[in-house]
Engineer: 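Can you read through this structure? Questions will come right after.
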Amino acid sequence: MEEAVKAPVAEQEEYVINMGPQHPSTHGVLRLVVSLRGEIVRNVEPHIGYIHRGIEKMCESITYPQIIHLTDRMDYLSAHINNEAVCLAVEKALGIEVSDRVKYIRTILSELTRIQSHQLFWATFGMDLGGLTCFFYGLRDREMVLDIFEETCGGRMIVSYNCPGGLMNDIHPNFQNRTKEFIKYFRKTLPEYDRLLTGNVIFQERLRNIGTVTREQAIAWGLTGPVGRASGFSCDVRKHNPYSAYDRVTFNEILYKEGDSFHRYKVRMDEMWESMNIIEQLIDNIPPGAYAEKMKPVIKLPEGEYFQSVETARGELGVYIVSDGNKNPYRVKFRSPNFVHLAPLNLMSKGAKIADLVAINGSLDLIIPDIDR
Amino acid sequence: MNSFIEYFRGIFHGLRSLLNGLSVTGKYFVKPGTTVTQQYPNKRKDLKMFDMFKGEVIMPHNGKNEHKCTGCGICEINCPNGSIEIISASIINEEGKKQRIIDKHIYHLGMCTFCGLCIKACPSQAIEFGQEFEHAVFDRRKLTKVLNQPGSRIMKGVE
Amino acid sequence: MENSQLAALAATIAPDAQVVQGKQFVEITLRPADLYAVAEKLKNNSDTALDMLVSVTGMDYGTDLGTVYHLRSTVRNHMIVLKTRVSDRDNPEIDSLCALWPAAEFHEREAYDLLGIRFRNHPDLRRLFLDSTWGFPLRKDYKDDINILAR
Amino acid sequence: MKFSLYDFSSFTAWIDSSLRASMSPGWAVAVEMILIGIAILIFYAIVGLFLVYAERKVCALMQNRLGPNRVGPGGVFQTIADLVKLLFVELVPIKNADRALFNLAPFIVIIASFMAIGAIPFAKGLQAIDLNIGVFYLIAISSMGVIGVLLAGWASNNKYSLIGAMRSGAQIVSYELSVGLALVTMVVLAGTMQLSEIIEGQRWGWFIFKGHIPAVIAFVIYIIAGTAETNRGPFDLAEAESELTAGYHTEYSGIKFAFFFLAEYMNMFIVAAIATTVFFGGWMPFHVYGWDGFNAVMDFVPPLIWFLVKTFFVIFLMMWLKWTFPRLRIDQLLTLEWKYLLPINIFNLLLMAFLVLTGLHW
């Protein structure tokens, strides 16, 4: 940057391009105003709000069970986990302990959600870097998870399967078999992903030492999920504050020290293996029991404030509910991981090239509706 | 000398990784049976949705054109988007008592988010999810549907 | 550290503040003027070590506006909630915590955008989601003319 | 006149003589030029359309899809339908664009590929012009297209286009060297630059077999550099869909876009055709010295078929590369050229010269 100051005026002129709101690599309606000097990125300024729907405001005028379907539409790739966050917050407020069956099913579905989200990440990340074939392989395998969702929850992406006190309905009789089949298939297919993309020399060269974030920076910026863990920040809510059935399973928290784009990718790839491990531990042991607790027809939370965080596929989602004792919440705040991850984009991509900006943006795995809410 | 060896090792590692990638795409190229595409309109008849699939809200009628909806309006209250409107009427039934019945159960498919709260809340299981998924129409007004069929009546024994 | 110990510790760090042991976390309610100083102490104190800002929530309490900070210690795995209120609805001003936690930048911009709370010393306080002609939608007195949900 | 699928020289000679018999020599040459132009134009259209279809089918199969399958049996008429659509698409006028250069650019790109096709020997005697510096001419002409790309990027008045064009410029300037040197390596082996003689020299063994390892290395380098020269993935930085939306042809629509599109495929064909001519013996059938029966069977297949099969094989290789690898970054692209391909290439050239001098090449 110091050279730029010394350079003659003509060379200091900025070449500003608008990436987005409609651009193939911004994954939605994110607009990045990028100042360039040749190929080098000097400054990135994200502009958001193109799909701001005011979910937090809408929540203030509807009841707690109705909030669930709005959370589906924030981070649509972690729809189930978002639902779970609100349900856990409401259940905690009411002092309801759901049955083990519900806990197991929620955990399994959360992990399936994580797998399908990372599959889509792999698919689109490959596409961002120009490997178009990845996109189809990723979506091909994701379809199988979506079929499991569709059979049990009725929706493919927007599941709306949780409700305060349990689940909307019991699992489908095929659920366990189908899930086991998928795991068996995916254990064979996942190494193929590595052969096609992870090991590829071009891919590695594109990502190593690009968009590096140190552990200190990650904590200061509040980066969680795979982005934080790639920098060595142990931030897995499933480990530190276990919810649902996560305290009954053994799994590793994937941690890397490097903090570059490649390791953000690597964390996600390894997490798919861990998710499969978690599912395998639970799938055969789903205990019998009620799939939902009996709830009052109108749910009123006692006055107070409730905070619940869960680990979505992208990081820590915090739900902060302020209740004044009515059937509607007084204020709901979603601490969405993508919103937090977008903030240090400028920090990461300063001095990188345009192609690196695309790679960094892809490795953050941003979901724009979650940023805008 | 070491850097020289590194240089060539880099080349060979790179080439091997590239060949690895080529083997994956090559494998699928010579195995056309792995194609997963659905031939959509051609194979439409074979396409069956899962039982739980949330396609649209429907109100099942039996052979005598009877449904179970009492017109209580609980679904309307539970709907987060206002996609259900209940227009009820009152009649004098056979026993001579005044009874509230459903006149029109209006369902705006265009506003529905398929959360399933109406179906979960319905006390008489009058509505459920249908498996229809081809909802595209040329006129938005067609997305507003009346779920109870004309001339239908409430089933005996449903309160 | 247990919440009770944490509450006692917080009371020594911020003697003027009102420290409550809430249902989940220790809640410290501060005057806006004390906010920055107390937050700095809480961050740098090795026993509280609140090095991560989880979220900043702008609140409209009807008469007052305020902010709620969820702070976490990644070293000790506890959370503390900071709260502050201002009663001036037309020109509410609160110190920015960007200098302590860079993560606050976007959160505070969001609070400014949706509630109109101005943050002093914020490096780049502009509206985030909405354009400048909008009101502040998360305020309770905000009128939405086209809300289809209102019945 | 004797028309034969195995030797077109008597057929072309008959056309020439009959034309000269009916008009003055100047006119005869002019008419011949027009005839060749029309023939190349038709060939261009057919091959272009076929390649687009082939690419879509190949990538679809690699990606577990079906590819075009609605228009005609197996979707064979899909590209024709696309072409018809492109003809009817509005040519969007760009504000503040340099109108003249903007319109000129697609023609430069397409003319460059036309000129290259003229020198390619499709079969014995089926060659528009047999230059004695054929290889040199092809190298020179195939780099003309970049001028069109640069003009397109500059004239579009679009920032993405300009970046794309600049990348393309840097790319072509460097990869020119590798293409040239790889071909020079083979010229050393062949001892001539005339394409017909290069093919004749491969009667008893294609150069990729004759040249041992240096020829194989030269072929690998040529394929890499050739892919880069045609701006195809993994070297498609000039259009880099996920970075620059569509790079230099972002602002083009309708038939002007079709020109760029078609030129890309024809450039691919030309690169493959040169590779075929220089490494795989062009239209020369596969012969093994001494196996007369086998050679006779091989000779039974017409040379034109040999040529097309080999060319499409090389094209398939390039498609395979494109649909497998992620894109390189601009600095890696240049590193690959200057740090790896160029030194290896120069060393390879020396090795080949040594091989030829010592007579180890058969």
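We name chains A, B, ... by the order of the sequence lines, and we start the count at 1 in each one. In this text, all values refer to a predicted model and were calculated from it rather than measured experimentally.
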Engineer: Given side chains that start at C-beta, do those of B:L22 and D:W320 come closer than 4.5 Å, heavy atoms only?
Structural biologist: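 Sidechains of D:W320 and B:L22: in contact.
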Engineer: Let's test your reading of the structure: which of B:T37, B:V30, B:V24 forms the most heavy-atom pairs below 4.5 Å with chain D?
Structural biologist: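 Heavy-atom pairs under 4.5 Å are most numerous for B:T37.
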Engineer: Would you say CZ of B:R44 has more than 12 non-hydrogen atoms from neighbouring residues, nucleotides or ligands within 6.0 angstrom?
Structural biologist: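 Check passes, neighbour count above 12.
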Engineer: Do D:Q63 and B:T25 touch side chain to side chain, with heavy atoms closer than 4.5 Å?
Structural biologist: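 Of all side-chain heavy-atom pairs linking B:T25 with D:Q63, none is under 4.5 Å.
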Engineer: Find out whether D:M62 and B:K27 are in side-chain contact, i.e. whether some heavy atom of one side chain is under 4.5 Å from a heavy atom of the other.
Structural biologist: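 No; the side chains remain at least 4.5 Å from each other.
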Engineer: Under a 4.5 Å heavy-atom cut-off, does chain B meet the side chain of D:V220, its backbone, both or neither?
Structural biologist: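 No part of it gets close to chain B.
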Engineer: Within the 4.5 Å heavy-atom criterion, are D:L61 and B:K31 side-chain neighbours or not?
Structural biologist: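 No, side chains not in contact.
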Engineer: Do B:I11 and D:I344 make a side-chain contact, defined as non-hydrogen atoms from C-beta onward lying under 4.5 Å apart?
Structural biologist: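 B:I11 reaches D:I344 side chain to side chain.
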Engineer: With a cut-off of 6.0 Å (strictly less than), are more than 12 heavy atoms of other residues, nucleotides or ligands near CZ of D:R70?
Structural biologist: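 Yes.
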Engineer: Does any backbone or side-chain atom of D:Y340 lie under 4.5 Å from a heavy atom of chain B? Answer side chain, backbone, both or neither.
Structural biologist: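 Both parts, backbone and side chain.
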Engineer: For the CG atom on B:L19, are there more than 12 heavy atoms of other groups (residues, nucleotides or ligands in this structure) within a distance under 6.0 Å?
Structural biologist: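 Correct, the count exceeds 12.
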Engineer: Looking at B:Y28 and D:N64, what are the two nearest heavy atoms and their distance?
Structural biologist: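 Answer, listing the atom of B:Y28 first, then D:N64: CD2-OD1, 3.3 Å.
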Engineer: Can you confirm whether more than 12 heavy atoms, excluding those of B:F133, are under 6.0 Å from its CZ atom?
Structural biologist: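 Atom CZ in B:F133 is packed in, count exceeds 12.
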Engineer: I'd like to know whether OH of B:Y40 has more than 12 heavy-atom contacts from other residues, nucleotides or ligands below 6.0 angstrom.
Structural biologist: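 Atom OH in B:Y40 is packed in, count exceeds 12.
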Engineer: So that I know where these two stand, are B:F29 and D:F316 an aromatic pair - ring centroids less than 6.0 Å apart?
Structural biologist: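 When the ring centroids of B:F29 and D:F316 are compared, they turn out to be within the sub-6.0 Å range.
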Engineer: Checking the side chain of B:Y7 only, and the main-chain atoms of D:K339 only, is there a donor and an acceptor separated by less than 3.5 Å?
Structural biologist: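 Present.
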Engineer: What part of D:P234 gets closer than 4.5 Å to chain B, counting heavy atoms only: side chain, backbone, both or neither?
Structural biologist: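 Looking at D:P234, nothing touches chain B.
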